[in-house]
Amino acid sequence: MAVEAPDPGPRTPDDFLMLSLITAPISHAVAAFVGVPAAQVAGLYAAPAKGFAADLALPCFQLAKAKGMAPPALATALVPVVSALPGVTAVAAGPFLNLTLAPTAVATALLPGLTDGRAAVRSTAGAGKKVCVDFSSPNIAKHLAFHHIRSTMIGNALAHCYQAAGWQVTRINFLGDWGTAFGRLIAGWKREGLTLEQLRAAPDQVTFLNDLYVRISKAAKEDAQVEEEARRWSKALEDGDTEARGLWQIFKDASLGEFQRIYALLGVTFDSWKGEAHYEDKMGPLLTELAAKGLLKEDQGATVVDLPTLAGKQFKKPALIKRADGGTLYATRDLTACDDRFAEFAFDRSLYVVDLGQSLHFQEWFAVAKLLGRPFADRLRHVGFGVVLMWNDEPGEGLEPGWAKGRTRAGKTMLLREVLEEAIDRAATVMAEKNPDITGEERARIARAVGVGAVVFNDLKNSRSNDVKFKFEDALNMQGETGPYLQFAHARLCSIERKFAEAHPNAGAGDPALLATEHEKTVLLALARLQAALEKAVDTDEPGALATGLLALAAAIAAWLTSGNGDVEARVLCSDATLAAARLRLVRAAREALGEGLRLLGLIAPERM
RNA sequence: GCGCUGGUAGCUCAAUGGAUAGAGCAUCAGACUACGGAUCUGAGGGUUGCAGGUUCGAGUCCUGCCCGGCGCGCCA
């Protein structure tokens, strides 16, 4: 279920980002000294280079120009100004001002705002704005192959991220439920005298339909009579023939039933399932308008929009609107659906999470939308992504082992369900070894979260334009920068929370000012940077930006918790109940932020694993 | 040919125009009966594809090349 973003109240530029809660006094002091607006300083903070032990760096180049000083001189001059602030130590290092913050100061600035840790992954940047996200969009009567995970989970993560940033989100599954394939399927169905009962009895109804399609296609190739039947059924379907539409509906329902099982496993939902078929009889007005505006032209029998002359020389070919036989193409359908979506949702942005191979298609119809004068033409974004490659040890035929597109070593297309099931099995095996106390249905439930999470995170952690290189051994080795690593950090925090009440039954609320260690500060700073990661994810449509922020948080958490291994007093559950209570506040905030961040990416964070 | 995309450590990838380019995996060495070790600490490992240019400063921006993937008219 979607969680409503808490109302953060009125904001000033200084608290626009959570990190600014810490840097605001610094920015003000520096700005006053230099004589520029504080907001100009606020945008300058950078991460210190590796060799410099500091929390933040302030490059002084631009400020020096404004002040009319040399950068190193300004940095030196700023040292006393900034060091005068409580909880800040400043050191000049050439043209940089390196800032070290006192853990206590960081904690008191941040923790009061994180009584609900989920606030760390919230923003109001998109308040009042609406976005449509078109994602997943599989063809019916075909399996969800492994590569479908990309559009499905990138889109799902973006929908969550936009929502967390204040946008009103509509999730759209633009089903591929139209085309000549269905005429063939109907012809095959009739020819073989199949029944609904037979379909329903199949262990996998999509496999049943897929096999039927393969048989009838083969038959059609060998027998012109069969091909003719398929053509007739395609025509009947287009004409709204009752029997044809009835069978088409059966195929569609059967497919959606299978899809929903996988969407449920992935935790993905949609607000709209309007597919291509929905728009099939609604393209007339658009075609009329295109013609009325003089945008159409006959070319080799087809109807096109001549983009090279109308939209600029960056286009080399016209956009096809209608086939020579009068049938419409998918650019026409996309435009019609877009008009419909704008009429219904008045979106401020509309995302199409579709592989990069279709870049040209989107460039073309976006350009047509512009030529039509659509007010939303510049609000459309093609969110492209790379392909899924699988490692192939034995390609045969003298080929080198290497990455191959979406196929197993046997050359078979990998199904999404198969990959998820194997991932779940492997997760269950690890659990049996690492945590044998968890058994039965609970183990099965958690193994689903961990196995699916491993595959999903593997898909989201890098820039989406990159191809995803999938190796079971890597995605599921459960170590390193993986979904299970994040989930494990979450589970450790949960475990400590469970034990806290027993250890310190009468502890108070916890005073942030008591948090004084470097490990605690690192966790706090990682929490403070999460909001910027979320906003970057939304601005650039890159879920990986949030994934990177969560990895940094989890690493900080793991280092913190492990530091207690050799030192009982460094643990959250230390002997001092007051200190323990303060640490527990950080545990809770971090756990809630991490769990919420994972939810945004589409992972479940179990309390044990 | 044109377009999109990628080229950074052995492998997989990070890096709002900022310092000495960072992580994970793998390798090696450690911590510790461990508030959950599915952990942590450390080491080795780099001419950021090549060549120019802009800039106080370039992995990042510009120009030209090289290599890979994908796309480029009646499928979607």
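Just so it is clear, the values below take in all heavy atoms, side chains as well, and ignore hydrogens, waters and symmetry mates.
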Self-check item: Whole-Å C1' distance, B/rU55 and B/rU63
Solution: 16 Å
Self-check item: Any side-chain heavy-atom pair of A/F457 and A/Y485 under 4.5 Å
Solution: no
Quiz item: A/D474 near the nucleic acid: base, sugar-phosphate alone, or nothing, with a heavy-atom cut-off under 4.0 Å?
Solution: nothing
Quiz item: For the pair made of CG in A/N462 and C1' in B/rG6, what is the distance, rounded to whole Å?
Solution: 13 Å
Quiz item: Base, sugar-phosphate, or nothing: which does A/L551 touch, judged by heavy atoms less than 4.0 Å apart?
Solution: nothing
Practice problem: Name the nucleic acid region contacted by A/G357, choosing base, sugar-phosphate or nothing; use a 4.0 angstrom heavy-atom cut-off, strictly under. | Solution: sugar-phosphate
Exercise. Sticking with atom P, work out how far B/rU47 lies from B/rU27, rounded to a whole angstrom.
Key: 23 Å
Practice problem: Indicate, with a heavy-atom threshold strictly under 4.0 Å, whether A/K317 touches base, sugar-phosphate, or nothing. | Solution: base
I'd like a table of donor-acceptor pairs (distance under 3.5 Å, sequence neighbours excluded) in which one partner is a side-chain atom from residues 537-545 of chain A, with atom names and distances.
residue : atom : partner : partner atom : Å
A/T540  : OG1  : A/K536  : O            : 2.7
A/D541  : OD1  : A/Y162  : OH           : 2.6
A/D541  : OD2  : A/R381  : NH1          : 2.6
A/E542  : OE1  : A/R464  : N            : 3.0

Quiz item: Side chains of A/L594 and A/L550: closer than 4.5 Å at any heavy-atom pair?
Solution: yes
Quiz item: A/W403 side chain N/O closer than 4.0 Å to the phosphate oxygens (OP1, OP2) of B/rU12?
Solution: yes
Exercise. Have a look at A/G43 and say if it touches a base, only the backbone sugar-phosphate, or nothing, with a 4.0 Å heavy-atom cut-off.
Key: base
Quiz item: With nearest nucleotides of RNA chain B determined for A/E607 and A/Q62 from heavy-atom distances, which residue corresponds to the more 5′ nucleotide?
Solution: A/Q62
Quiz item: Measuring from A/L335:CG to A/L380:CG, what's the distance to the nearest 0.5 Å?
Solution: 9.0 Å
Quiz item: Can you tell me if the side-chain N/O atoms of A/T482 get under 4.0 Å from OP1 or OP2 in B/rG24?
Solution: no
Practice problem: Taking only heavy atoms on the protein side, list every residue of residues 298-306 of chain A lying under 4.0 Å from any atom of RNA chain B, sorted numerically. | Solution: A/D299, A/Q300, A/A302, A/V304
Quiz item: So do the side chains of A/F135 and A/V383 get within less than 4.5 Å of each other, counting heavy atoms only?
Solution: no
Quiz item: Should A/K461 and A/E481 count as an ion pair when the cut-off is N to O under 4.0 Å?
Solution: no
Exercise. Compare the ring of A/F61 with the six-membered ring in the base of B/rG18 and state whether they stack (centres under 5.5 Å, planes under 30°).
Key: yes
Practice problem: Ignoring backbone atoms, test whether A/K536 places a side-chain nitrogen or oxygen under 4.0 Å from the OP1 or OP2 oxygen of B/rU16. | Solution: yes
Quiz prompt | Side chain of A/R571 (C-beta onward), nearest among B/rG36, B/rA34, B/rA14 | solution = B/rA34
Exercise. Write down the distance between CZ (A/R529) and C1' (B/rU16), rounded to a whole number of angstrom.
Key: 13 Å
Quiz prompt | Summary of protein contacts for nucleotides 38-46 of chain B, nucleotide by nucleotide, where a base hit scores B, a sugar-phosphate-only hit scores S (4.0 Å, heavy atoms) | solution = BBS------
Quiz item: Would you say A/K461 reaches B/rC13's phosphate, i.e. side-chain N/O to OP1/OP2 under 4.0 Å?
Solution: no
Quiz item: How is the base pairing of RNA chain B summarised as a dot-bracket string, given the Watson-Crick and G-U wobble criteria with both distances under 3.5 Å, [ ] for crossing and | for another strand?
Solution: (((((((..((((....[...)))).(((((.......))))).....(((((..]....))))))))))))....
Practice problem: Would you kindly give the NZ-to-P distance between A/K65 and B/rG57, to the nearest whole Å? | Solution: 11 Å
Exercise. Determine the Euclidean distance between corresponding C1' atoms of B/rG49 and B/rG59; express it in Å to zero decimal places.
Key: 12 Å
Quiz item: What distance, rounded to whole Å, do you find between the two P atoms, one in B/rG6 and one in B/rU16?
Solution: 14 Å
Quiz item: Taking CD from A/E364 and P from B/rC74, how many angstroms apart are they, rounded to a whole number?
Solution: 12 Å
Practice problem: Using the C1' atom as the reference point in each nucleotide, state the distance between B/rG17 and B/rC35 in Å, no decimals. | Solution: 45 Å
Quiz item: So what does A/F52 hit on the nucleic acid, given a heavy-atom distance under 4.0 Å: a base, only sugar-phosphate, or nothing?
Solution: base
Exercise. Please determine if a side-chain N or O atom of A/K316 lies less than 4.0 Å away from the OP1 or OP2 oxygen of B/rC2.
Key: no
Self-check item: A/N466 vs B/rG69: side-chain N/O to OP1/OP2 distance below 4.0 Å
Solution: no
Quiz item: Rounded to the Å, how far apart are A/Q363 CD and B/rC70 C1'?
Solution: 13 Å
Self-check item: Atom pair distance, as rounded to whole Å: CG in A/L356 and P in B/rG6
Solution: 8 Å
Self-check item: C1' gap between B/rG36 and B/rA19, integer Å
Solution: 39 Å
Quiz item: Under 3.5 Å, is there a donor-acceptor pair linking the side chains of A/S27 and A/Y45?
Solution: yes
Quiz item: Contact class for A/I496 vs. all strands (heavy atom < 4.0 Å): base, sugar-phosphate, or nothing?
Solution: base
Ignoring hydrogens and angles, write down the donor-acceptor pairs under 3.5 Å from the side chains of residues 301-315 of chain A, residues two or more places apart or on other chains.
residue : atom : partner : partner atom : Å
A/T303  : OG1  : A/E298  : OE2          : 3.2
A/D306  : OD2  : A/K297  : NZ           : 3.1
A/D306  : OD2  : A/T309  : OG1          : 2.8
A/T309  : OG1  : A/D306  : O            : 3.2

Quiz item: Base, sugar-phosphate, or nothing: which does A/D334 touch, judged by heavy atoms less than 4.0 Å apart?
Solution: nothing
Quiz item: Does the side chain of A/H361 pick up a donor-acceptor pair with the side chain of A/D334 at under 3.5 Å?
Solution: yes
Self-check item: Gap in Å between the two C1' atoms, one belonging to B/rU33 and one to B/rC25, rounded
Solution: 28 Å
Quiz prompt | Where at least one partner belongs to residues 549-573 of chain A, residue pairs that pass side chain to side chain donor-acceptor pair (under 3.5 Å), sequence neighbours excluded | solution = A/R492-A/T562, A/E569-A/S575
Quiz prompt | Which residue lies more 5' along RNA chain B, comparing A/E481 with A/L320 via nearest heavy atoms | solution = A/E481
Exercise. For A/R333, answer base if it contacts any base atom (sugar-phosphate contacts may also be present), sugar-phosphate if it contacts only those atoms, and nothing otherwise; contact means non-hydrogen atoms under 4.0 Å.
Key: sugar-phosphate
Practice problem: Using the C1' atom on both, measure B/rG37 against B/rA31 and round to a whole Å. | Solution: 11 Å
